[in-house]
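Taking it in order: structure first as structure tokens, then the write-up.
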Amino acid sequence: MNKFKDDFIFGTATAAYQIEGAANEGGRTPSIWDVFSKKEENVFMGHTGDIACDHYHRMKEDVKILENIGVDSYRFSISWSRIFPDKDKVNVEGVNFYKNLIHELKERKINPAITLYHWDLPQWAQELGGWENRECIYWFKDYCTKIFEEFGHDVSMWITHNEPFCASILGDYLGIHAPGKKDLKKALIVAHHLLLSHGIVVRELRKFKFKNSNIGITLNLSPTYAVSKKSEDVRAAKTSDGYTNRWFLDPLFKGHYPEDMLMVYQKEVGILDFIVEGDLDIISTDIDFLGINYYTRNIVEYDEHSQLNFRGVEGEKEKTAMGWENSPESLHDLLTRIKKEYTKLPLYITENGAAYNDVVTTDNKIHDIDRINYIKVHLKVMLDFIKEGGNLKGYYVWSFMDNFEWSFGYSKRFGMVYVNYESQERIMKDSAIWYKNFIKTRSLEV
Ligand code: GCO
């Protein structure tokens, strides 16, 4: 049978800074992404999230589109600086925006899945040292506690962090995301504090004893393959896997950082003295599910010139507009590995999808066959994994609508819904129509 069970969750996802706009409205103050995107050359053509999809003003219309697609669940994130525009100041207007959003969704039987942190740290927090400052964990805890107080009875799925790898490594080591730093030690400190804050917030939510309340974290995971069997390439692949995957999975599920990576990092930055006794117990606090964002695989080779001695190699499979290979088999490898080496907890694909160069036809249609195929082949391997006994419970397409794709600005379109950024008109692409029909039957013709 090529059919998903009725209780399998089909959803779609977005993030606050990527869609909301209204950057200076409703009492919101800037986040690190407002500041970063306004600095020259950080983002394609100087694009910013100032207006984005104007979702802040079009929320009701957008929820109606979600209802039309028929998703079971909608994953979105909360903008921290809408809730706390300043360290000790709660903004009721911000709280109300999300209260209304949750209400609209629930009226239409769409289950909200909330990401608490999707990279938009308030600028006030950055000015106090940001995630490099251990205190930031407690500012985050205060913000999450407020969110739980307000929405805890209405929300059954919480994600503490989205992709701590990107938030730390891309933001503080590679400098291509906010806050735009290039310092490995700082990035490792940020990563550690993100993980620690995850554990602390999980414990905080448990204190409320809400009836139907699940909390987890979302990691971006990429299976990593060596380009050849040469021992130096195999070693490079192991380091790359440690850097992207194990540095986050091991502390969460095994309660320690991977030994080989501790050696690699200590050689580069000295003793990791920011890891304090007791931290790993907190990081490995029991959670209810693991969220996985999966887009592509990594192929790597040895590189004597790069700091960590590996570099990515281009693969031969068909690519999306991001230049990422469409590699569904690697999702199967990934899920199997998680089940075998890490956890039997419920898994959710919290993001999967593709950017393509969509063309609007003269009759206002978007025939995005490539996107439909990309989604289908990934659904197929998910079915295989489930048949093999895998505990996979849900799938969220990235993204609901085209949006601000971080350093690529609006140049990359990931949506099932097309956004005309001039008129803010939304058009359901063929993929949205396909997903709608698919969700009705839950069966995949392949
Ligand atoms: C991420 C984020 C999304 C991206 C998506 C496409 O994974 O980077 O969670 O915000 O837009 O992944 O790159």
Side-chain angles (χ1 to χ4, degrees), residues 11-21 31-33 36-37 42-44 47-49 52-53 55 74-80 113-121 159-178 180 191 194 198 216-223 244-245 248 290-298 312 319-327 330-331 334 348-358 368 370-371 374-375 378 395-417 419 431:
T12 186
T14 62
Y17 190 70
Q18 296 182 275
I19 64 165
E20 283 181 6
S31 74
I32 55 175
W33 266 95
F36 182 78
S37 63
N42 281 341
V43 175
F44 175 82
H47 293 169
T48 74
C53 310
H55 169 73
Y74 172 51
R75 173 180 176 230
F76 61 93
S77 79
I78 293 182
S79 152
W80 179 351
I114 297 188
T115 311
L116 291 159
Y117 186 74
H118 202 125
W119 309 352
D120 44 356
L121 184 73
I159 294 163
T160 52
H161 285 287
N162 177 70
E163 308 188 353
F165 167 85
C166 295
S168 56
I169 298 289
L170 303 192
D172 298 271
Y173 176 44
L174 303 179
I176 54 175
H177 277 187
L194 290 169
H198 153 80
I217 186 167
T218 279
L219 303 179
N220 57 301
L221 300 173
S222 288
T244 313
N245 304 315
F248 299 89
L290 172 66
I292 297 171
N293 291 353
Y294 175 76
Y295 291 92
T296 194
R297 62 172 176 170
N298 288 337
K319 307 213 176 49
T320 70
M322 298 296 286
W324 299 343
E325 283 183 300
N326 180 355
S327 180
S330 317
L331 172 60
L334 169 67
Y348 289 85
I349 304 296
T350 40
E351 286 179 28
N352 173 246
Y356 286 105
N357 299 320
D358 297 319
D368 56 340
D370 289 341
R371 184 172 290 106
Y374 180 97
I375 295 174
H378 287 84
Y395 175 80
Y396 293 78
V397 173
W398 185 273
S399 176
F400 167 38
M401 57 183 154
D402 296 333
N403 59 48
F404 176 80
E405 178 54 25
W406 307 114
S407 53
F408 296 89
Y410 300 98
S411 68
K412 302 291 178 204
R413 293 179 177 270
F414 272 89
M416 292 188 287
V417 173
V419 176
S431 55

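Ligands are counted one by one from 1 in listed order, and the atoms in each one are counted from 1 as well.
Under the 4.5 Å side-chain criterion, counting only non-hydrogen atoms from C-beta, Ile159 is not in contact with Tyr348. Looking only at side-chain heavy atoms (C-beta outward), Trp398 and Asn293 stay at 4.5 Å or farther from each other. Between His378 and Asn326 the shortest side-chain heavy-atom distance falls below 4.5 Å.
Note on ring orientation: taking the six-membered ring where Trp is involved, the planes of Tyr410 and His47 are tilted (angle from 30° to 60°). Ring pair Trp406/Trp33 is tilted by interplanar angle, where 30° to 60° counts as tilted. Taking the six-membered ring where tryptophan is involved, the planes of Trp119 and His177 are tilted, since the angle between them lies from 30° to 60°.
Not a single heavy atom of Asn220 sits under 4.0 Å from any atom of ligand 1.
Around atom 9 (O) of ligand 1, the closest heavy atom drawn from Gln18, Glu351, His177, Lys412 belongs to Glu351.
What sits closest to atom 13 (O) of ligand 1 on the protein, heavy atoms only, is Glu405 OE2, 2.6 Å. Annotation: atom 7 (O) of ligand 1 to nearest protein heavy atom, Glu163 OE2, 2.3 Å. Nearest protein heavy-atom contact of atom 5 (C) of ligand 1 is Tyr295 OH, 3.2 Å.
The backbone N or O of Phe36 sits less than 3.5 Å from a side-chain atom of Asn42, completing a donor-acceptor pair.
Under 4.0 Å from ligand 1, the heavy atoms of Trp119 that appear belong solely to its side chain. With a heavy-atom cut-off of 4.0 Å, Trp324 touches ligand 1 through its side chain alone.
Taking every heavy atom of Trp398 and a limit of under 4.0 angstrom, the matching atoms of ligand 1 come to 3 (C), 4 (C), 5 (C), 6 (C), 10 (O), 11 (O). Atoms of ligand 1 lying under 4.0 Å from at least one heavy atom of Asn162, given by number and element, are 2 (C), 9 (O). Which parts of ligand 1 touch Asn293 is read off a 4.0 Å heavy-atom cut-off, strictly below it: atoms 9 (O). Near Phe414, meaning under 4.0 Å from any of its heavy atoms, are these atoms of ligand 1: 6 (C), 13 (O).
Residues Asp358 and Arg371 are paired through a salt bridge, judged by an N-O separation under 4.0 Å between the basic side chain and the carboxylate.
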